[in-house]
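To start, the structure itself, in structure tokens.
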Amino acid sequence: MLLGSMANATQELHPASTALEQDDLVIPMIDFGPFCRGTPSDKHAVALSVTNAFKTSGFLYLKSHGIPPSVVSRAFASSARFFKRPQSQKDGLSWTNPQSNRGYIATGQEKLASIELIDEIGLLRESHPDLKETMEIGREGVEGLPNRWPDHLDDEGRDFKETMLSFFGMCNALHKQIMRAIALGMNLPEQFFETYVNESDHNLRLLHYPPVRKETFRKNPRQVRAGEHSDYGSITLLFQDRHGGLQVRSPRGNFVDVTPVADAVVVNAGDLMARWSNDTIKSTRHRVIEPPKPAGEESENDQSDTYPSRYSIAYFCNPNRDKVIEALPGTYGEAAPKKYSGIIAGDYLIQRLAESM
């Protein structure tokens, strides 16, 4: 459950306090301000808190992260306007291939699933497709891999491009700071990851979960808005609206609600970071279901038969496409041998994207 006293606790404890504790899953709220503006001691304390969260739950909430609420609100508003466009306009900007990973993906086209179910993706897509549509935005200016902007359509499309390019840059700056924190927390030089991430081969994913009738979930217990999965890259920054629905798998194998917290970003580690750390960092599975019922709300008072739209924005952070990812110094030895052979980051990501489409 989300602790009711969290807001007060995060002001009193430095730099981290418990935001969620349930079913042996503990997700902290970490004040990132001291890492960016504090003393070396402050920075080290934040770095240890970040890395400890990734090693235990794989998830954390981050506040004072440097992206103003007004900027996040503008990105959400622009995203919502994009998804309200006629279907023909969105289809004209369609995603083409995993090498590019740019453009619009219609509802039902992608199916997220755990690695054990990859061979069953086709059947899963037919029986209970993911109820979401997305817009994928990669690094601008990559030769042969253009973003699919709507800027040629109208002024709103031009504003969309400007807004998302700016937001992409701010998320990238935050990502670099978090990678520095991970480096310090793992007893590596603070700049260790710089040459691995300096090309900004990331993806900004705008997500819209359209309104859905509540009976859809009652009739099909396996139906979700986004299937159980782990993320593919190094870390993910997730901005949620107020409706919720994100769940994280606990150590006991149950799913726990990760409730939206105003002005905080959810950060989680991905599969490449887990490989990079020789599994000392966890890439935890998660999914999106129907929104949880607000605390104290009785079912007879809920007259609506439809769940409203849900919007979120995920910034998937990845190493440079050409970098070889292998176990970091200090994560292996005689007592803990390397679990994985080296892999080229871009090849791994393309493989995982292809499996979901």
Side-chain angles (χ1 to χ4, degrees), residues 1-2 20 22-25 27 57-59 83 95 98 104-136 205-232 236 238 240-260 266 268-271 274 282-295 297 299 302 304-314 316 351-357:
M1 60 182 177
L2 195 69
L20 184 155
Q22 184 177 338
D23 210 45
D24 291 339
L25 179 74
I27 299 180
S57 69
F59 272 77
F83 288 116
W95 187 95
Y104 171 75
I105 299 175
T107 302
Q109 185 176 343
E110 179 189 52
K111 179 61 185 176
L112 298 174
S114 58
I115 194 71
E116 295 90 349
L117 298 177
I118 289 301
D119 293 339
E120 302 176 32
I121 285 292
L123 293 174
L124 293 172
R125 187 182 290 112
E126 290 181 9
S127 63
H128 46 284
D130 284 1
L131 303 179
K132 68 181 190 301
E133 57 179 342
T134 74
M135 181 62 171
E136 313 292 328
R205 164 172 277 202
L206 312 179
L207 295 110
H208 173 223
Y209 303 88
V212 57
R213 293 182 63 84
K214 294 179 180 178
E215 66 179 15
T216 301
F217 298 97
R218 290 194 294 267
K219 290 180 177 179
N220 187 351
R222 299 183 68 189
Q223 182 64 62
V224 292
R225 278 177 152 176
E228 177 184 352
H229 65 285
S230 56
D231 291 346
Y232 309 151
T236 301
L238 178 67
Q240 302 188 78
D241 69 8
R242 63 183 180 85
H243 292 296
L246 174 66
Q247 291 189 326
V248 172
R249 180 179 281 275
S250 76
R252 296 184 185 181
N254 303 311
F255 279 98
V256 175
D257 293 327
V258 180
T259 308
V266 173
N268 64 280
D271 294 344
K282 298 181 184 300
S283 179
T284 305
R285 295 180 184 179
H286 49 285
R287 66 183 186 181
V288 179
I289 63 167
E290 67 270 32
K293 190 181 296 297
E297 180 182 305
S299 58
D302 183 8
S304 173
D305 62 358
T306 302
Y307 289 116
S309 284
R310 177 184 186 263
Y311 295 89
S312 65
I313 300 176
F316 295 110
Q351 173 193 332
R352 295 295 302 276
L353 285 166
E355 290 169 344
S356 68
M357 301 299 289

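Source: prediction; values computed, not measured.
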Check: Leu20 and Leu25 side chains under 4.5 Å, non-hydrogen atoms | yes

Check side-chain contact (heavy atoms from CB on, under 4.5 Å) between Pro308 and all other residues, then give those that pass, not counting sequence neighbours.
-> His243

With ring centroids as reference points, do Tyr307 and Phe217 lie under 6.0 angstrom apart?
-> yes

Does the side chain of Gln351 reach to within under 4.5 Å of the side chain of Leu353, using non-hydrogen atoms?
-> no

Atom pair CG/OG1 of Asn268 and Thr236 - distance to nearest 0.5 Å = 4.5 Å

Rounded to the nearest 0.5 Å, how far apart are CD of Glu133 and CZ of Phe83?
-> 5.0 Å

Quick check: does any side chain N or O of Asp24 sit under 3.5 Å from a backbone N or O of Pro251, one acting as donor and the other as acceptor?
-> no

Side chains of His208 and Thr134: is there a donor and an acceptor less than 3.5 Å apart?
-> no

Any donor and acceptor pair, going by atom type alone, linking the side chain of Asn220 with main-chain N or O of Arg222 inside 3.5 Å?
-> yes

Does the pair Arg352/Asp271 count as a salt bridge with the N-to-O cut at 4.0 Å?
-> yes

Any side-chain heavy-atom pair from Pro260 and Asp241 closer than 4.5 angstrom?
-> no

Please examine the side chains of Thr216 and Glu290, heavy atoms only from C-beta on, and report whether any two atoms are closer than 4.5 Å.
-> no

Hey, could you give me the CD1/CG distance between Ile289 and Leu246, rounded to the nearest 0.5 Å?
-> 9.5 Å

If we only count heavy atoms from C-beta on, is the Ser230 to Thr284 side-chain gap below 4.5 Å?
-> no

Aromatic Phe316 / basic Arg205 pairing, under 6.0 angstrom, 45° off normal | no

If we only count heavy atoms from C-beta on, is the Glu215 to Asp305 side-chain gap below 4.5 Å?
-> no

Rounded to the nearest 0.5 angstrom, the NZ-NZ distance for Lys219 and Lys214 is 15.0 Å

Does a side-chain heavy-atom distance below 4.5 Å link Val266 with Val258?
-> yes

Would you give the length of the straight line joining atom CG of Leu206 to atom CD of Glu136, rounded to the nearest 0.5 angstrom?
-> 8.0 Å

For Glu228, which of Gln247, Arg249, His286 qualifies under side chain to side chain donor-acceptor pair (under 3.5 Å)?
-> Arg249

